[in-house]
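Counting convention: from 1, in listed order, for ligands and their atoms alike.
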Amino acid sequence: MPADPQNEPHCGPRHVAIIMDGNGRWAQARGRPRLYGHHAGARRVREVVEACPGLGIKYLTIFAFSTENWKRTQVEVAGLMSLFKRYIIKETRTLAQNGIRVRFIGDRVRLDAKLIELMDTLERETAENDLVHLTVALNYGGRDEVARATKRLARDVAAGNLRPEDVDEETLPRYLDTRVLPDPDLVIRTSGEARISNFLLWQSAYSEYEFIDTLWPDFTAAELERLCKSFGSRERRFGAVPA
Ligand code: FPP
């Protein structure tokens, strides 16, 4: 397994989350169908994952498909689902060999059985890895995640495993899809839109944000490095006053 430079002290973000936006516009600017942009976007994922160890990024979370993305045309949705399958089949070996642990967050109920099987296999085959933790948000929505978490929590209360008076800020995160992950330090959104679109709503309460104009298929490791450096110069106070 490759060495882990992230054990060195550094002041960059440990957990980076990315809203990979702009694939459609990137394709349209080239007179190509939107799916062409998604394929180009998928190729960017590898470059970004590979850059993580060198930048001290231990956790990378990417927004691949939202609970709202089902509103797109049937052609685009089907094309994205087939892209996810092809991507998993193509990348499983490389990810496993390169020390990347992959997890999926989001609701699996609407996903097809073959895709779920591939997701399970990828999670299983990379379960021993620890160099970079890559989390793919697929059929993910922050509100949906909180609603599903609340349902599980309510079941525990109903079953007598949890007392309502014991519920506090530490309780709900234990029921979220992200329960084993730290909160993101830095959330990046590409393509010039300045909104969070239902991504990691609970977890990003104190994240730093970067909204950049680059369309996702043009995003590079060099740009990620620049954003990590800029993060290092920010003072994060979490509501407190400067020391
Ligand atoms: C947003 O761009 C992008 C998506 C909804 C899909 C993101 C998917 C990928 C980058 C593909 C690969 C991912 C993995 C994990 C293999 P948009 O279509 O909203 O672009 P637009 O705003 O220009 O229309």
Check: Is Arg189 salt-bridged to Glu210, cutoff N-O under 4.0 Å?
Finding: no

Next item on the list: Heavy-atom distances under 4.0 Å are what count here, so tell me which part of Leu215 touches ligand 1: side chain, backbone, both or neither.
Entry: neither

Note to self: With the threshold set at under 4.0 angstrom, would you say Ala64 reaches ligand 1 through any of its heavy atoms?
What the structure shows: yes

Notebook entry, point to check: For ligand 1, does Glu193 get within less than 4.0 Å through its side chain, its backbone, both, or neither, judged by non-hydrogen atoms?
Noted result: neither

Next item on the list: State plainly whether the residues Glu145 and Arg148 are in salt-bridge range, i.e. N to O under 4.0 Å.
Entry: no

Notebook entry, point to check: If you measure from atom 17 (P) of ligand 1 to every heavy atom of Val102, Val45, Asp21, which option wins on shortest distance?
Noted result: Asp21

Notebook entry, point to check: So do the side chains of Ile57 and Cys228 get within less than 4.5 Å of each other, counting heavy atoms only?
Noted result: yes

Margin query: Below a 4.0 angstrom heavy-atom separation, can you tell me which part of Glu91, side chain or backbone, both or neither, approaches ligand 1?
Written below: neither

Item checked: Ionic contact status for Asp156 with Arg152, cut-off 4.0 Å -> no

Next item on the list: Measure Leu83 to ligand 1 on non-hydrogen atoms and call it side chain, backbone, both or neither using the 4.0 Å cut-off.
Entry: side chain

Next item on the list: Considering heavy atoms of the protein only, find what lies nearest to atom 13 (C) of ligand 1 and give residue, atom and distance to 0.1 Å.
Entry: Phe84 CE2, 3.9 Å

Next item on the list: May I ask you to check whether Gly22 has an N/O atom sitting below 3.5 Å from an N/O atom of ligand 1?
Entry: yes

Checklist line | Nitrogen or oxygen atoms of Trp216 and ligand 1 under 3.5 Å apart | finding: no

Notebook entry, point to check: What are the atoms of ligand 1, with element, lying closer than 4.0 Å to any heavy atom of Arg25?
Noted result: 21 (P), 22 (O), 23 (O)

Checklist line | For atom 19 (O) of ligand 1, the option (of Arg72, Met20, Arg34, Glu68) bearing the nearest heavy atom | finding: Arg72

Check: With a 4.0 Å cut-off, would you call Glu125 and Arg101 a salt bridge?
Finding: no

Check: Between Glu68 and Lys71, is there a side-chain N and carboxylate O pair less than 4.0 Å apart?
Finding: no

Check: Is the shortest distance from a Lys or Arg side-chain nitrogen in Arg174 or Glu170 to a carboxylate oxygen in the other one below 4.0 Å?
Finding: no

Note to self: If the cut-off is 4.0 Å to any non-hydrogen atom of Tyr87, which atoms of ligand 1 fall inside it?
What the structure shows: 16 (C)

